[in-house]
Structures are given as C-alpha cells and as structure tokens.
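See below for the structure under consideration.
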Amino acid sequence: FVSTNYNGDHVHVCNAQDKDNKRTVKDNLRVTVPGTSPSIPTLVSNTFTSITINWTYPDISDTDGYVVNASSLNDCVIQQVNGSSVKETTLNGLIPGTTYNITIRAYQDLLGPASEPLLVDTLNDIAIHLISYTVDGSTKIVSWEA
C-alpha cells in the first residue's frame with residue numbers, strides 16, 4: 001500500500017505475518033519528495049564558459065537543496081546545490097556559443113518536479129580590433145573595440 005500526501009511525500013506500508021498467521025508486523029517507510037517545482041530560472045549573467053542563474057521556491061521547509069540541469073546538443077552539466085535557502089548558482093565549464101536548456105528540481109529523499117526551462121546562450125568568441133596610437137614619438141597607448 002502506498003499513499004501520497006499533499007506535498008508529494010510517499011508513505012509505504014509493509015505488512016508481514018509470521019508463518020502461522022498469529023502475528024502481523026506493520027511498518028511504515030516515509031520517502032520525502034518536494035511537492036512543487038522551483039520557479040523558472042532567471043539569468044543573472046553569462047560568459048563564454050559559464051552561466052549564473054537564480055530562482056525562487058515557495059516552501060523551503062519542503063526541500064533539502066536543488067539539482068540544476070543544463071543540457072545542450074553536445075553537453076550536459078548537472079550541479080547539486082545544498083541547502084534550501086541557497087537559490088543561486090554558477091554553472092562552469094560550458095561550451096562557448098552554445099544554447100543550454102536549464103531546469104531546476106528541489107530534492108529531499110527524491111527529486112521533485114522540474115521547473116519550466118530557461119534557454120540561455122554562452123557568449124561566442126568575439127573578434128577584437130586593436131587600435132594603437134603613438135604619443136611623443138615613443139609611448140604607445142593601446143585600445144580595442146569589440
């Protein structure tokens with residue numbers, strides 16, 4: 001018998017009888033699962049190889065932390081964020097110029113439902129045009145534009 005309460009937790013009830021049917025042993029196993037998903041992630045910043053996001057979660061007592069999944073056609077990064085009050089993380093080691101689909105799931109014993117996805121691009125390589133100037137015949141000032 002398995003019952004599910006309002007927040008997604010599962011209670012597994014196990015009944016066992018001895019071979020003479022004289023005694024029944026009943027025990028419950030509670031598996032906690034967050035009942036709601038985090039908000040859609042919000043982009044804080046992105047670079048060539050990293051993306052920083054944050055999110056909200058309605059009931060921090062319903063989670064022990066979060067799992068962030070960032071996937072693309074050629075890459076997948078999964079990051080665990082411990083603690084219910086931490087709601088921002090930076091995903092590092094990403095591929096430049098790549099679109100990532102990012103979702104977040106709260107966890108307790110098991111993962112809860114996923115947030116709606118956020119699509120974010122890491123930055124592309126940018127060509128930099130160097131411009132130099134000569135001052136007083138020997139001093140050079142170098143500037144650039146992207």
Side-chain angles (χ1 to χ4, degrees), residues 1-133 140-146:
F1 169 73
V2 177
S3 67
T4 302
N5 67 13
Y6 70 94
N7 67 351
D9 294 351
H10 302 281
V11 178
H12 298 269
V13 179
C14 178
N15 291 313
Q17 290 184 325
D18 64 14
K19 69 179 182 173
D20 297 325
N21 292 327
K22 293 182 180 175
R23 188 174 73 135
T24 299
V25 176
K26 179 179 175 183
D27 200 1
N28 295 337
L29 171 65
R30 181 182 184 93
V31 179
T32 56
V33 182
T36 58
S37 61
S39 67
I40 296 174
T42 301
L43 177 64
V44 175
S45 66
N46 57 337
T47 68
F48 298 106
T49 59
S50 70
I51 295 172
T52 300
I53 57 167
N54 64 23
W55 61 91
T56 60
Y57 191 72
D59 182 7
I60 62 171
S61 67
D62 191 31
T63 184
D64 296 328
Y66 306 91
V67 173
V68 179
N69 182 306
S71 60
S72 71
L73 292 176
N74 300 314
D75 194 19
C76 182
V77 175
I78 299 172
Q79 185 168 315
Q80 182 172 332
V81 179
N82 294 318
S84 61
S85 62
V86 179
K87 297 183 194 80
E88 182 170 306
T89 193
T90 299
L91 303 161
N92 293 302
L94 304 178
I95 300 170
T98 302
T99 300
Y100 285 88
N101 181 328
I102 301 172
T103 59
I104 303 166
R105 298 172 80 172
Y107 72 84
Q108 288 178 302
D109 294 328
L110 297 175
L111 291 171
S115 68
E116 292 295 319
L118 171 68
L119 295 176
V120 179
D121 293 328
T122 51
L123 300 179
N124 278 315
D125 291 331
I126 297 175
I128 297 176
H129 306 283
L130 294 177
I131 304 167
S132 62
Y133 300 95
K140 291 189 177 185
I141 300 171
V142 178
S143 65
W144 60 90
E145 60 185 31

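- With 3.5 Å as the limit, one finds a donor-acceptor pair spanning the side chains of T32 and D109.
- Nearest heavy-atom pair, E116 versus I40, reported as atom, atom and distance to 0.1 Å: CB-CG1, 3.3 Å.
- Heavy-atom minimum distance, P113 versus P34: CD-O, 3.5 Å.
- For D64, there are no side-chain hydrogen bond (donor to acceptor under 3.5 Å, both in side chains) partners at least two apart in sequence or on another chain.
- For S61, the side-chain hydrogen bond (donor to acceptor under 3.5 Å, both in side chains) criterion is met by D59, not counting sequence neighbours.
- In this structure, L73 places its CG atom where only 12 or fewer heavy-atom neighbours from other residues, nucleotides or ligands lie under 6.0 Å away.
- Sorted by first then second residue, the ring-ring contact (aromatic ring centres under 6.0 Å, His included) pairs that include residues 57-98, not counting sequence neighbours, are W55-Y66, Y57-Y66.
- Applying the side-chain hydrogen bond (donor to acceptor under 3.5 Å, both in side chains) criterion to T47, with sequence neighbours excluded, gives S50.
- Side-chain contact check for I53 versus I104: some heavy-atom pair is nearer than 4.5 Å.
- With hydrogens and angles disregarded, no donor-acceptor distance shorter than 3.5 Å links the side chain of N54 to the backbone of V44.
- Taking Y107 as the reference, nothing meets the ring pair (Phe, Tyr, Trp, His ring centres under 6.0 Å) condition, with sequence neighbours excluded.
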Check the pair T122, F48 against side-chain contact (heavy atoms from CB on, under 4.5 Å), reporting the backbone distance first and the verdict last.
CA-CA 5 Å; T122 51; F48 298 106; 5.9 Å; no

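- Pairing each heavy atom of P41 with each of S115, the nearest pair is CD-OG, 3.7 Å.
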Please report the C-alpha distance between T42 and L118 in whole Å, then the side-chain angles of each, then the deciding distance to 0.1 Å, and finally whether the side-chain contact (heavy atoms from CB on, under 4.5 Å) criterion is met.
CA-CA 7 Å; T42 301; L118 171 68; 5.9 Å; no

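- With values rounded to the nearest 0.5 angstrom, K87 atom NZ is found 8.0 Å from T56 atom OG1.
- For E88, the CD atom is densely surrounded, since the number of other residues' heavy atoms within 6.0 Å is greater than 12.
- Legend: residues meeting side-chain contact (heavy atoms from CB on, under 4.5 Å) with I78, ordered by chain and number and at least two apart, are V67, N69, C76.
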May I have the list of side-chain donor-acceptor pairs in residues 89-103 shorter than 3.5 Å, sequence neighbours left out?
unit_1	atom_1	unit_2	atom_2	d
T89	OG1	Q79	NE2	2.3
T90	OG1	T52	OG1	2.7
T98	OG1	I95	O	3.0
T98	OG1	P96	O	3.4
T99	OG1	D121	OD1	2.3
Y100	OH	D75	OD2	2.6
Y100	OH	I95	N	2.9

